Structure formats: C-alpha cells, structure tokens
Amino acid sequence: MMTYLTPFERTGYDLFRSMRDWENEFFGGKSAQVSACKTDIRDIGDSYVLEAELPGFQKEEIKLDVQGDVLMLSAIHKEKTEEEKNKEGTYLRRERSYCSYQQKLDISNVDVSQLHASYENGVLTLTMPKKQPAVPTARQIPIQ
C-alpha cells in the first residue's frame, strides 16, 4: 500500500483521492496488500525447477498437493490468537496479518513420483523431473 506524505492538507476536489478513499473503505484499507507470489520455472534439460518467493511463511504453512496432472501450491499465514498477541504486547501499528496464496500448475509432463521440494530463506524450490518418453515396443503379429 502506498503511503502519501503531504505536509499540508490539500483543498479542493481530487478525483484520485476520492477513489483511494472509496477503495480503502470498501476493502478495509488493505487493497494493495494482496501480494502475488513471484514464481519462476526453468527447464534444465531432464527436469523443471520451480522457484516461488513466499517471504514471511513458515515451512509448515506451505502445502503442495498433486491431483492428477495438476499441482496445487498454497500457503496460508494465519493471524495469531488473542492469547499469543497479549504475550507480545500491544501493537502501535500493524500491517502484517492474515494472508494466503494459491496457484495451480499443469504438470502433465512431469514424473510426479520423483518430485522434490525444499524451502529456504523464503524461497520454495521444487524440482520436477520430466516424464521419460515411452519406448515403442516391437512385436510380430502371427498370421492365421
């Protein structure tokens, strides 16, 4: 969310300010805080490597699910309970709270039995080996 710093209050009608005010009221002041996960996918020959930036998430908050040819990457950062909040003191300003991310990827060309994932320094790395092409088999058909 962009914060505007102006030393003096402006007078007059500002269309953009009205739109920002309406947006903040409608979305609860969090309209720009919906963050998109930045994801890179590289082809390294025999496999694909997915790197997804998920800063602020713990490893336990990230899920990778495979259903058929679809990989679901999801992460949910839940807000702390009231008891946990009281132990840490009172917030004077709070911009971080509940957030979630979800992305579906087509993995029809991936060997799902060989997937490997790691999470370090806010980056999820998923190695997805490619499926090996089926080797055609030769056979002779008997004539009757």
Side-chain angles (χ1 to χ4, degrees), residues 1-139 141:
M1 179 161 51
M2 184 176 289
T3 304
Y4 297 94
L5 300 175
T6 53
F8 303 102
E9 183 67 28
R10 293 183 181 165
T11 58
Y13 180 72
D14 181 2
L15 175 64
F16 295 109
R17 183 179 201 170
S18 298
M19 290 169 57
R20 279 192 307 273
D21 290 345
W22 175 83
E23 187 177 21
N24 285 337
E25 286 177 25
F26 185 78
F27 291 107
K30 300 183 188 308
S31 62
Q33 293 185 17
V34 178
S35 62
C37 172
K38 292 171 180 57
T39 305
D40 297 332
I41 302 175
R42 294 181 288 131
D43 184 345
I44 59 170
D46 62 341
S47 61
Y48 301 105
V49 176
L50 176 140
E51 294 173 322
E53 290 182 352
L54 296 165
F57 288 97
Q58 299 296 320
K59 185 170 87 171
E60 297 77 26
E61 297 173 326
I62 302 169
K63 284 179 47 181
L64 291 168
D65 295 314
V66 176
Q67 290 185 350
D69 289 340
V70 177
L71 172 73
M72 171 80 75
L73 164 61
S74 59
I76 299 175
H77 183 70
K78 296 183 180 175
E79 195 167 335
K80 295 181 178 180
T81 64
E82 287 299 320
E83 184 177 301
E84 291 172 324
K85 287 181 191 176
N86 291 338
K87 289 180 183 177
E88 296 177 2
T90 304
Y91 287 102
L92 301 176
R93 178 181 175 109
R94 184 157 192 204
E95 294 180 351
R96 300 178 301 143
S97 62
Y98 171 87
C99 62
S100 66
Y101 174 76
Q102 183 175 0
Q103 183 176 8
K104 291 182 181 181
L105 299 165
D106 175 30
I107 56 169
S108 56
N109 193 27
V110 170
D111 181 3
V112 295
S113 65
Q114 299 295 319
L115 295 177
H116 173 72
S118 63
Y119 184 67
E120 186 175 344
N121 296 328
V123 178
L124 174 71
T125 303
L126 178 63
T127 305
M128 304 175 286
K130 294 179 182 177
K131 282 184 181 175
Q132 298 301 318
V135 178
T137 58
R139 65 182 184 125
I141 302 170

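Keep in mind that what you see is a predicted model, and the values were worked out from it rather than measured.
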- State, yes or no, whether a side-chain contact exists between Gln102 and Ser100 at a heavy-atom distance under 4.5 Å. no
The reported gap from NZ in Lys63 to CD1 in Ile76 (rounded to nearest 0.5 angstrom) is 7.0 Å
Tightest non-hydrogen contact, residues Asp111 and Lys131, listed as N-CG, 3.8 Å
- So, do Tyr101 and Leu73 sit near enough that their side-chain heavy atoms are less than 4.5 Å apart? yes
Rounding to 0.5 Å, atoms CD (Gln103) and CE (Met72) come to a distance of 10.0 Å
Value for CD (Glu51) from NZ (Lys38), rounded to nearest 0.5 Å, stands at 14.5 Å
Within a strict 4.5 Å, meaning less than it, do heavy atoms of the Leu71 and Leu126 side chains meet? yes
Is Val112 close to Asp69 at the side-chain level, that is, under 4.5 Å between some pair of heavy atoms?
no
So, the side chain of Lys130 versus the backbone of Asn109: is there a donor-acceptor pair under 3.5 Å, distance only?
-> no
Practice problem: Ignoring hydrogens and angles, tell me if any N or O in the side chain of Tyr119 forms a donor-acceptor pair with the backbone of Phe57 under 3.5 Å. | Solution: yes
Output for pair (Ile41 CD1, Ile44 CD1), nearest 0.5 Å, gives 12.5 Å
To the nearest 0.5 Å, atom CG of Leu124 lies from atom OG1 of Thr39 at 9.0 Å
Scanning both residues in full, the closest heavy-atom pair of Ser47 with Pro129 reads CB-CA, 3.4 Å
Item to check | Any side-chain heavy-atom pair of Glu120 and Thr125 under 4.5 Å | outcome: no
So CD of Gln67 and NZ of Lys104: to nearest 0.5 Å the spacing works out to 8.0 Å
Heavy atoms of Val70 and Ile107 approach each other most closely as N-CG1, 4.0 Å
